[in-house]
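Numbered from 1 within each chain, the chains take letters A, B, ... in sequence-line order.
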Amino acid sequence: MTKEISKTYSPQSIEDKWYSYWLSNKYFHAKPDEREPYSIVIPPPNVTGVLHMGHMLNNTIQDVLTRRARMQGKNACWVPGTDHASIATEAKVVQMLRERGIKKSDLSREDFLKYAWEWKEKYGGIILEQLKKLGASCDWDRTRFTMEPSLSEAVIDVFIDLYNKGLIYRELRMVNWDPLGKTALSDEEVIFKDVNSKLYYIKYHLTENSKSEILNSNHPTSNIQHSKFVVIATTRPETILADAAICVNPNDERFKHLIGKKALVPFINREIEIIADEYVAMDFGTGCLKVTPAHDKNDYELGKKYNLEVIDILTEEGFLNEKAQDERYIGKDRFAVRKQIAIDLEEAGFIEKIEEYKNQVGTSERTGAVIEPRLTLQWWVDMKKFLAKNPQVLDAVMNDEIKFHPANMKNTYKHWIDNIKDWCISRQLWWGQQIPAWYSEDGNFVVAKTEVEAIEKFRIQHPTSNIQHLKQDEDVLDTWFSSWLWPISVFDGFKEEGKEDIKYFYPTNDLVTAPEIMFFWVARMIMAGYEWMGQKPFSNVYYTGIVRDKQRRKMSKSLGNSPDPLDLIAQYGADGVRMGMLICSPAGNDILFDESQVEQGRNFANKIWNAFRLVKGLSIKPDTEFAADLLASNKISEQWFEARFNLALAEIEEKCKDYKLSEALMMIYKLIWDDYCAWYLEMIKPVYGEALNQSTYDQTVAFFEKLMLVLHPFMPFITEEIWQEITERKEGESICVAAYPNVETYNYTSLQNTFETISKIRELRNSKGISPKEAFEIVIKTNQTELYEPNQFLIKKLANVSSILFNEDAPNYVSLSVSTDQVFVKLNIEIDAVAEAEKINKEIEYLIGFMASVDVKLSNEKFVSNAKPELVEKERQKKEDALAKIEVLKQSLAGL
RNA sequence: GGAGGCAUAGCUCAGCUGGUUCAGAGCAUCUGCCUUACAAGCAGAGGGUCACAGGUUCGAAUCCUGUUGCCUCCA
């Protein structure tokens with residue numbers, strides 16, 4: 001019977017089998033009907049992406065939510081897809097071309113895009129295939145891509161719409177420039193990193209000095225005031241070549257006399273003025289600030305204020321250009337120049353000192369390159385205006401119309417909204433949606449969907465412009481400018497026709513995402529939702545943590561500390577990996593991933609598998625062939641588990657409602673392992689070679705089935721396998737679409753004292769080193785025999801007890817405390833009366849101490865008068881119980 | 001520099017509007033068992049001044065204040 005089922009669970013073949021069964025039966029496909037809808041849109045992974053542990057966690061959670069909803073009778077739809085990821089993808093394509101010996105600069109835009117699409121078709125979207133291994137129950141028929149034609153069209157329409165509403169403008173501004181990606185970035189795409197750098201103190205000679213004096217001056221400048229220099233401090237000495245002024249604080253006594261004078265930039269001897277502004281911090285560096293409007297945001301603002309020249313000495317790749325004036329540096333990378341110019345300055349005597357300095361530099365989220373502030377013409381969304389038009393963007397989150405889990409993320413969200421900056425949406429790339437702006441040769445432009453429309457608009461808006469050679473804007477839109485439409489565009493919400501999906505599935509229910517893209521994506525989807533749908537895009541946002549290794553380092557490819565999820569699945573099974581990821585990942589908390597957790601998951605699967613083997617291997621006979629007391633005992637066991645199950649289910653549902661999935665999973669784990677396997681199955685298991693009665697067997701199978709249903713969202717594969725095998729199923733049935741159990745009423749049968757008796761006897765056996773095979777005789781002293789009497793069968797079976805007597809004398813027995821009762825066990829070995837007495841005395845001592853503390857409370861008038869009456873009553877009960885117990889213990893002392 | 005959060009067993013975390021479900025869970029550790037479902041297992045056990053110092057209260061892990069340490073986000 002059990003011979004055919006293998007002793008250990010092997011997931012591989014089972015997982016593949018059921019996943020293709022689910023696909024071929026289209027259980028994950030959803031279309032609008034009369035049922036209540038439930039929808040989730042996937043945070044679209046980069047089309048260049050490969051599954052990493054973060055995806056595993058994120059998508060497991062989405063799958064749990066989706067599968068639960070589906071089983072609870074909702075029309076569940078989880079929409080998958082990928083993001084075109086402008087910068088990342090373009091970088092990959094450029095790299096592929098380089099390997100083939102092709103330079104991007106040699107290609108036309110059209111040719112480049114042809115290669116890019118080719119790349120996308122070939123390598124893009126591997127990640128979606130990997131998700132299938134995880135068991136993701138996405139509606140694959142709905143797979144979308146942010147750059148597919150209809151989604152791109154929506155993006156363009158939205159741009160035009162916002163432009164027409166006056167929410168988009170084009171302006172020359174300082175942006176975050178990525179010299180590697182050669183594009184502008186939004187503030188959100190810049191990551192600040194701590195670096196150890198150097199603070200260079202550089203002398204600028206005042207123009208009163210003659211040239212020869214400058215070159216020969218080597219004397220130390222201990223007193224700035226009387227020297228013929230000013231000294232400025234900078235971490236970026238190469239930018240001195242772009243200096244336009246020096247600035248001091250007008251209140252700074254040290255430098256008042258210098259205001260209005262002129263200084264010379266080292267090497268190139270450009271004359272710059274010393275100006276005064278309160279912006280300068282007197283206590284930082286030397287108190288003199290070099291002003292470099294082209295290469296620093298604050299300096300740029302200062303430059304605007306004082307009408308300073310903007311001298312941009314960097315190329316788009318971050319190399320120095322001819323404006324740097326010094327031949328030694330032109331054409332070289334800014335970091336190489338930084339090193340070299342420091343040496344040269346030092347040799348020429350311009351360096352006063354160099355200090356070690358810790359500062360933060362911005363780097364590109366996608367390429368890692370150090371960001372250069374750069375003055376360029378870019379397209380912007382006016383966020384303040386946008387929010388003024390859509391106040392719900394903040395309100396809905398603050399009043400929980402859109403619920404954040406965990407809720408404290410609301411603060412972060414509010415802070416961002418309150419300090420919002422305009423969104424730079426243009427990128428100097430080719431892979432993406434090209435900006436629908438058209439320029440005439442004389443510099444006018446219109447925003448229009450097509451060239452034909454553009455010509456029309458020119459005729460009206462700029463009738464004098466020459467429209468012979470209109471040129472479309474070269475730039476594309478920020479990737480997030482398409483992702484923010486995702487919950488709308490995947491349901492074709494921007495199309496004129498086919499509105500059934502959007503009407504039915506929007507707003508979506510849950511969004512599961514990482515906290516770091518709250519601003520990039522979550523906030524902007526909320527904006528788009530209100531702007532174009534007039535409604536929130538989702539009701540709940542579940543923020544997952546970041547997956548870290550045991551040393552709390554973020555898992556990353558470069559550190560090599562991230563296991564390959566597919567290897568893990570191959571080794572432990574998808575169910576095991578899912579369980580391992582979820583078991584310790586409360587919402588918002590980082591998860592410290594450790595392979596031992598996945599092992600725990602695999603072990604759990606194996607445990608379930610063996611319970612299945614046991615149940616499947618039972619032989620069954622009709623109830624009529626069994627003695628009444630055995631049937632009664634089994635009935636008690638069934639009732640007990642039924643109660644346990646419903647109690648636990650209610651709690652599990654509560655936890656799930658609060659999105660505390662890891663706690664819910666832990667409860668299921670304990671329900672199955674401890675309650676069902678360790679207790680229930682042991683209680684009803686017939687002695688070897690004997691059969692089980694039919695009615696108990698039926699119940700046992702029914703319980704097993706229910707347990708599988710509850711566990712299925714978390715561990716879909718093994719639960720399907722067992723659900724299919726444990727009883728007869730029809731073709732086309734699946735646990736995926738089976739009804740989730742409801743909490744039912746039950747008769748509560750407390751086996752508390754019985755279980756405690758069993759445990760205490762086992763403990764005694766353990767501590768005395770007595771074999772489990774040796775049976776004991778016991779006497780139970782209690783005034784509640786009804787708590788034990790019906791369960792004698794169970795006590796005998798599980799604790800190996802041969803006979804049970806009630807309230808008889810028990811001379812020379814060992815006494816055990818069970819709740820307020822005493823259980824006496826007859827041991828066949830000599831018992832140490834002195835040691836026993838000591839043990840009992842200790843217990844009495846403890847109880848007296850305990851009573852004393854209760855008495856303190858009870859004699860405290862303020863407690864008795866202030867505390868709730870039931871609480872006072874409880875304390876009284878405690879005292880009574882303790883008294884009764886002391887009495888019993890004293891009796892057994894006397895008996896020794 | 002600004003905002004928010006955290007500190008409970010070796011590790012990861014539960015502990016709601018103060019009071020026997022208040023010191024809990026899982027893992028890890030230790031002891032004894034290959035007891036015919038499972039050694040990926042079974043039966044037990046030992047681990048904590050609830051970061052520190054004050055305060056409020058009859059009563060504080062829980063509320064308040066300060067200190068220290070750590071984390072995240074923003075500039």
Looking only at the side chains, is there a donor atom on one of [X] and [Y] sitting less than 3.5 Å from an acceptor on the other?
{"X": "A/Y9", "Y": "A/E721", "answer": "no"}
{"X": "A/T696", "Y": "A/E638", "answer": "yes"}
{"X": "A/Y680", "Y": "A/T700", "answer": "yes"}
{"X": "A/N249", "Y": "A/D277", "answer": "no"}

message: Could you measure the distance from the CG atom of A/L582 to the CD1 atom of A/I61? Nearest 0.5 Å is fine.
response: 5.5 Å
With [atom1] as the reference atom in both, quote the distance from [N] to [M] in angstrom, rounded to an integer.
{"N": "B/A25", "M": "B/U17", "atom1": "P", "value": "22 Å"}
{"N": "B/U49", "M": "B/G10", "atom1": "P", "value": "9 Å"}
{"N": "B/G26", "M": "B/C58", "atom1": "P", "value": "38 Å"}
{"N": "B/U29", "M": "B/C70", "atom1": "P", "value": "30 Å"}
{"N": "B/C71", "M": "B/A23", "atom1": "P", "value": "33 Å"}
{"N": "B/G2", "M": "B/U20", "atom1": "C1'", "value": "45 Å"}
{"N": "B/C42", "M": "B/A37", "atom1": "P", "value": "13 Å"}
{"N": "B/U57", "M": "B/U12", "atom1": "C1'", "value": "34 Å"}

Looking at [Y] and [X], is there a salt bridge between them, counting it only when a charged N and a carboxylate O are closer than 4.0 Å?
{"X": "A/K384", "Y": "A/D422", "value": "no"}
{"X": "A/K768", "Y": "A/E774", "value": "no"}
{"X": "A/E763", "Y": "A/K760", "value": "no"}

Using atom [atom1] of [X] as one end and atom [atom2] of [N] as the other, report the distance to the nearest whole Å.
{"X": "A/I608", "N": "B/A40", "atom1": "CD1", "atom2": "P", "value": "17 Å"}
{"X": "A/N606", "N": "B/A39", "atom1": "CG", "atom2": "P", "value": "8 Å"}
{"X": "A/I672", "N": "B/A25", "atom1": "CD1", "atom2": "P", "value": "20 Å"}
{"X": "A/E663", "N": "B/G24", "atom1": "CD", "atom2": "P", "value": "17 Å"}
{"X": "A/F612", "N": "B/G41", "atom1": "CZ", "atom2": "C1'", "value": "19 Å"}
{"X": "A/H415", "N": "B/G2", "atom1": "NE2", "atom2": "P", "value": "11 Å"}
{"X": "A/K660", "N": "B/U12", "atom1": "NZ", "atom2": "P", "value": "19 Å"}
{"X": "A/F519", "N": "B/A75", "atom1": "CZ", "atom2": "P", "value": "9 Å"}

Nearest-neighbour nucleotide for the [X] side chain, [options] considered:
{"X": "A/P772", "options": "B/C42, B/U35, B/A75", "answer": "B/U35"}
{"X": "A/W673", "options": "B/A37, B/G41, B/A25", "answer": "B/G41"}
{"X": "A/K670", "options": "B/A37, B/A39, B/G26", "answer": "B/G26"}
{"X": "A/K7", "options": "B/U35, B/C74, B/C38", "answer": "B/C38"}

statement: Each base of RNA chain B marked ( ) or [ ] if paired in-strand (Watson-Crick or G-U under 3.5 Å), | if paired to another strand and . if unpaired gives (((((((..((((.....[....)))).(((((.......))))).....(((((..]....)))))))))))).
query: Is the A/W679 ring parallel, tilted or perpendicular to the A/F755 ring (thresholds 30°, 60°)?
result: parallel
Can you check nucleotides 4-6 of chain B for protein contacts, nitrogen or oxygen pairs under 3.5 Å, and list what you find?
none

Report, one pair per line, the protein and nucleotides 43-46 of chain B atoms (nitrogen or oxygen only) whose separation is under 3.5 Å.
residue : atom : partner : partner atom : Å
B/A43   : O3'  : A/R762  : NH1          : 3.2
B/A43   : N3   : A/N766  : ND2          : 3.2
B/G44   : OP1  : A/S759  : OG           : 3.3
B/G44   : OP1  : A/R762  : NH1          : 3.0
B/G44   : O4'  : A/N766  : ND2          : 3.2
B/A45   : OP1  : A/E763  : OE1          : 3.3

- request: Name the nucleic acid region contacted by A/Y669, choosing base, sugar-phosphate or nothing; use a 4.0 angstrom heavy-atom cut-off, strictly under.
  value: sugar-phosphate
Which way is the base of [N] turned, syn or anti, if we draw the line at 90° from 0?
{"N": "B/U57", "value": "anti"}
{"N": "B/U67", "value": "anti"}
{"N": "B/G59", "value": "anti"}

Output all residues satisfying side chain to side chain donor-acceptor pair (under 3.5 Å) with [X], sequence neighbours left out; order by chain, then residue number.
{"X": "A/D575", "value": "none"}
{"X": "A/S802", "value": "none"}
{"X": "A/N298", "value": "A/Y279"}

- prompt: For the ring pair A/F645 and A/F703, is the centre-to-centre distance below 6.0 Å?
  reply: no
Short side-chain N/O contact to B/A37 OP1/OP2 from A/K685, under 4.0 Å: yes
query: Quick one: is A/Y572 getting a side-chain N or O under 4.0 Å of the B/A40 phosphate, OP1 or OP2?
result: no
query: Between A/Y688 and A/T8, which is nearer to the 5' end of RNA chain B once each is assigned its nearest nucleotide?
result: A/Y688
task: Could you check A/Y9 against A/N610 and say which one's nearest nucleotide on RNA chain B is further toward the 5' end?
output: A/N610
- request: Answer yes or no for A/R173 and A/W423: cation-pi contact, defined as NZ/CZ to six-membered ring centre under 6.0 Å and angle to ring axis within 45°.
  value: no
